[in-house]
Amino acid sequence: MASCCTAKFRFSISSCRAARSSRPFPASLMPSFPLFHSPFSRPMKPTNLRSVSASAAVSAGAASTTPTFSWDDVVRVSQPEFNPNDSSNLRGLFDKTKACNRGAELQSEFLPFVVEDQIVGYIHKGFAENLRSFEDVFILSKDNCDGGKVMLHQSLKSADDRTRAVREVIKCLAENELIPGIRNELFPVTSSYGAPVFFSLERAAVPYFGIKAYGVHMNGYVEKDKQKFLWLGKRSLMKSTFPGMLDHLVAGGLPHGIACGENLIKECEEEAGIPRTLSSRAISVGAVSYSDIDGHRFKRDVLFTYDLKLPESFVPNNQDGEVESFKLIPVKHVANIIKRTDFFKTNCNIVIIDFLFRHGYITPECFGYLDLLQSLKRGDCS
């Protein structure tokens with residue numbers, strides 16, 4: 001294997017900008033992600049210019065690298081009087097699901113990543129050029145019929161051998177700042193959930209290899225005075241991803257070697273101090289999925305969703321330093337936050353929207369109901 005010192009990486013600008021393929025991949029090689037359709041494709045005339053511009057200002061502020069909004073800001077924009085005319089408008093919610101499903105038109109720029117004749121991911125042609133130096137790990141084949149693909153070297157037979165070899169490549173790419181934010185956490189590489197694991201891959205590298213990733217997201221809620229409230233978390237400013245943004249009470253990726261339910265219980269304890277006696281009552285309520293292309297990154301995520309009804313007396317207490325603080329907010333007001341701002345970590349929006357459907361906050365009388373419902377599973381949910 002080429003070492004970090006001897007490998008001749010191709011770091012030129014041209015290698016990072018792959019030309020768009022002149023022909024699309026055959027349908028059999030491409031993921032079946034339909035182009036995103038919105039019922040709001042035509043511009044809507046605002047009924048309250050003052051509230052709309054205020055909402056836009058809040059969203060623009062939240063889009064900065066280091067958000068500076070406070071819980072006071074969150075509560076203020078969540079109030080019905082902040083924009084009294086948008087109670088039945090799903091456009092703001094639809095915009096959030098669309099933000100998780102970008103780049104469908106760019107899929108032809110990616111090569112299938114194939115292991116044991118199974119497509120396990122998709123790698124951007126520009127990023128794939130960085131793998132050519134590692135000839136004893138990766139093979140980039142050129143096929144006049146299918147446009148090419150990336151494979152592992154045939155000498156890597158076992159999952160352990162593949163994991164070790166790919167880990168060394170990822171280490172070199174990270175040292176050359178091609179894969180930022182290394183976490184030293186392994187995710188399983190598989191063709192679908194529950195299928196055999198071909199090898200394990202560093203979590204930070206998963207979107208660069210277009211590997212399908214799984215996670216657990218839990219809405220923790222309280223009922224009092226016949227009203228439902230959601231516990232929200234504000235992420236630590238020290239987080240490498242989405243620092244200072246709003247989050248679920250509990251969420252986390254699904255690493256290799258742990259079941260969803262057990263992982264959720266672990267995350268409940270670490271992120272919110274929820275004891276097993278409570279977290280074991282969480283109810284599995286389904287899954288959402290999305291497909292997002294951003295440069296060389298192809299996120300193909302499936303999030304298993306859970307609900308946990310908590311006692312009024314419970315107050316979350318973060319244990320791992322990843323959550324700055326928590327706040328209990330009425331569910332209807334949480335919906336307003338999603339519609340009016342970009343305060344939430346992007347994929348949290350679709351999990352909460354799913355909660356809104358299941359608990360009756362979004363009804364068929366709302367324009368765009370079915371389109372929004374379908375948008376919660378735009379990714380390959382397998």
Side-chain angles (χ1 to χ4, degrees), residues 58 69-84 86-90 92-93 96 216-235 245-252 261 264-286 288 303-320 322-341 343-345 348-366 372 376:
V58 171
F69 65 84
S70 66
W71 282 118
D72 288 341
D73 296 321
V74 172
V75 171
R76 177 174 59 85
V77 300
S78 75
Q79 300 301 313
E81 56 268 24
F82 184 81
N83 190 354
D86 68 352
S87 59
S88 62
N89 180 6
L90 299 182
L93 302 182
K96 297 309 187 294
V216 292
H217 281 230
M218 190 189 81
N219 288 300
Y221 70 99
V222 173
E223 286 188 5
K224 55 183 179 180
D225 300 327
K226 298 182 179 180
Q227 185 178 5
K228 291 180 181 178
F229 296 73
L230 276 172
W231 276 109
L232 305 181
K234 196 168 187 296
R235 294 163 68 88
M245 303 289 280
L246 297 185
D247 208 336
H248 298 300
L249 178 60
V250 172
L264 182 70
I265 289 173
K266 177 182 72 69
E267 295 288 350
C268 280
E269 175 62 32
E270 293 175 356
E271 295 194 352
I274 304 174
R276 180 180 287 265
T277 53
L278 284 179
S279 60
S280 60
R281 301 176 190 174
I283 299 173
S284 172
V285 292
V288 297
L303 309 178
F304 295 104
T305 54
Y306 292 79
D307 285 353
L308 176 60
K309 183 178 179 180
L310 292 160
E312 291 184 39
S313 59
F314 175 79
V315 177
N317 180 23
N318 180 246
Q319 306 294 309
D320 61 8
E322 295 188 355
V323 183
E324 177 186 290
S325 54
F326 298 94
K327 196 166 187 65
L328 190 64
I329 296 180
V331 173
K332 290 183 179 179
H333 293 190
V334 175
N336 289 337
I337 298 168
I338 294 175
K339 286 191 289 186
R340 299 168 180 172
T341 78
F343 286 175
F344 274 100
K345 177 176 177 283
C348 294
N349 289 312
I350 60 175
V351 178
I352 296 177
I353 292 171
D354 178 65
F355 182 93
L356 298 176
F357 272 106
R358 293 184 291 96
H359 289 260
Y361 292 91
I362 301 175
T363 66
E365 287 73 26
C366 299
L372 181 62
L376 302 180

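Keep in mind the model is a prediction, meaning the values are calculated, not measured. In what follows, every heavy atom counts, from backbone to side chain, and hydrogens, waters and symmetry copies are set aside.
Across L93 and A335, no two heavy atoms sit closer than the pair CD2-O, 4.1 Å. When all heavy atoms of H333 and P80 are compared, the closest pair comes out as NE2-CD, 3.6 Å. Considering all non-hydrogen atoms of both residues, G220 and L249 come closest at CA-CD2, 3.8 Å. When all heavy atoms of I350 and V288 are compared, the pair lying nearest together is CD1-CG2, 3.8 Å.
Side-chain contact between V250 and P316 is absent, with no heavy-atom pair separated by less than 4.5 Å. Side-chain contact between F344 and V334 is present, with at least one heavy-atom pair separated by less than 4.5 Å. Side-chain contact between T305 and N219: absent, with no pair of heavy atoms (C-beta onward) separated by less than 4.5 Å.
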Could you go through the side-chain contact (heavy atoms from CB on, under 4.5 Å) check for V77 and N336 one step at a time?
CA-CA 7 Å; V77 300; N336 289 337; over 6 Å; no

Could you check Y221 against V331 for side-chain contact (heavy atoms from CB on, under 4.5 Å), going step by step and ending with a plain yes or no?
CA-CA 9 Å; Y221 70 99; V331 173; 5.5 Å; no

Salt bridge (Lys or Arg N to Asp or Glu O under 4.0 Å) evaluation trace for K345 with D247
CA-CA 6 Å; K345 177 176 177 283; D247 208 336; 5.6 Å; no

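With sequence neighbours excluded, the residues forming a side-chain contact (heavy atoms from CB on, under 4.5 Å) with V323 are N318, F326, listed by chain and number. Taking E322 as the reference, K239 meet the salt bridge (Lys or Arg N to Asp or Glu O under 4.0 Å) condition, with sequence neighbours excluded. Scanning for salt bridge (Lys or Arg N to Asp or Glu O under 4.0 Å) contacts around K332 gives an empty result, with sequence neighbours left out. Under the side chain to side chain donor-acceptor pair (under 3.5 Å) criterion, S70 pairs with D73, sequence neighbours left out.
With rounding to the nearest 0.5 angstrom, the CE atom of M218 is 8.0 Å from the OG atom of S279. Residue L246 holds its CG atom at 5.0 Å from CH2 of W71, rounded to the nearest 0.5 Å. Between M245 atom CE and E324 atom CD the span is 13.0 Å, to the nearest 0.5 Å. Taking CG of L308 as the start and OG of S280 as the end, the distance is 9.0 Å to the nearest 0.5 Å. The line from CG of N83 to CD of E81 is 11.0 Å long, rounded to the nearest 0.5 Å. Here the NZ atom belonging to K327 is positioned 10.0 Å from the CG atom belonging to L232, to the nearest 0.5 angstrom.
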For residues 352-363, which side-chain N or O atoms pair as donor and acceptor with protein atoms under 3.5 Å away, sequence neighbours left out?
from: D354; atom 1: OD2; to: R358; atom 2: NE; distance (Å): 2.9
from: R358; atom 1: NH1; to: D307; atom 2: OD2; distance (Å): 2.6
from: R358; atom 1: NH2; to: D307; atom 2: OD1; distance (Å): 3.0
from: R358; atom 1: NH2; to: D307; atom 2: OD2; distance (Å): 3.3
from: H359; atom 1: ND1; to: K228; atom 2: NZ; distance (Å): 2.6
from: H359; atom 1: NE2; to: D307; atom 2: OD2; distance (Å): 3.0
from: T363; atom 1: OG1; to: E365; atom 2: OE1; distance (Å): 2.9

List, one per line, each side-chain donor-acceptor pair under 3.5 Å for residues 265-277, sequence neighbours excluded.
from: E271; atom 1: OE1; to: A251; atom 2: N; distance (Å): 3.1
from: R276; atom 1: NH2; to: E262; atom 2: OE2; distance (Å): 2.7

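Not one N or O on the side chain of K224 forms a donor-acceptor pair closer than 3.5 Å with the backbone of E312. Judged purely by atom type and a 3.5 angstrom limit, K339 has no side-chain atom pairing as donor or acceptor with the backbone of K96.
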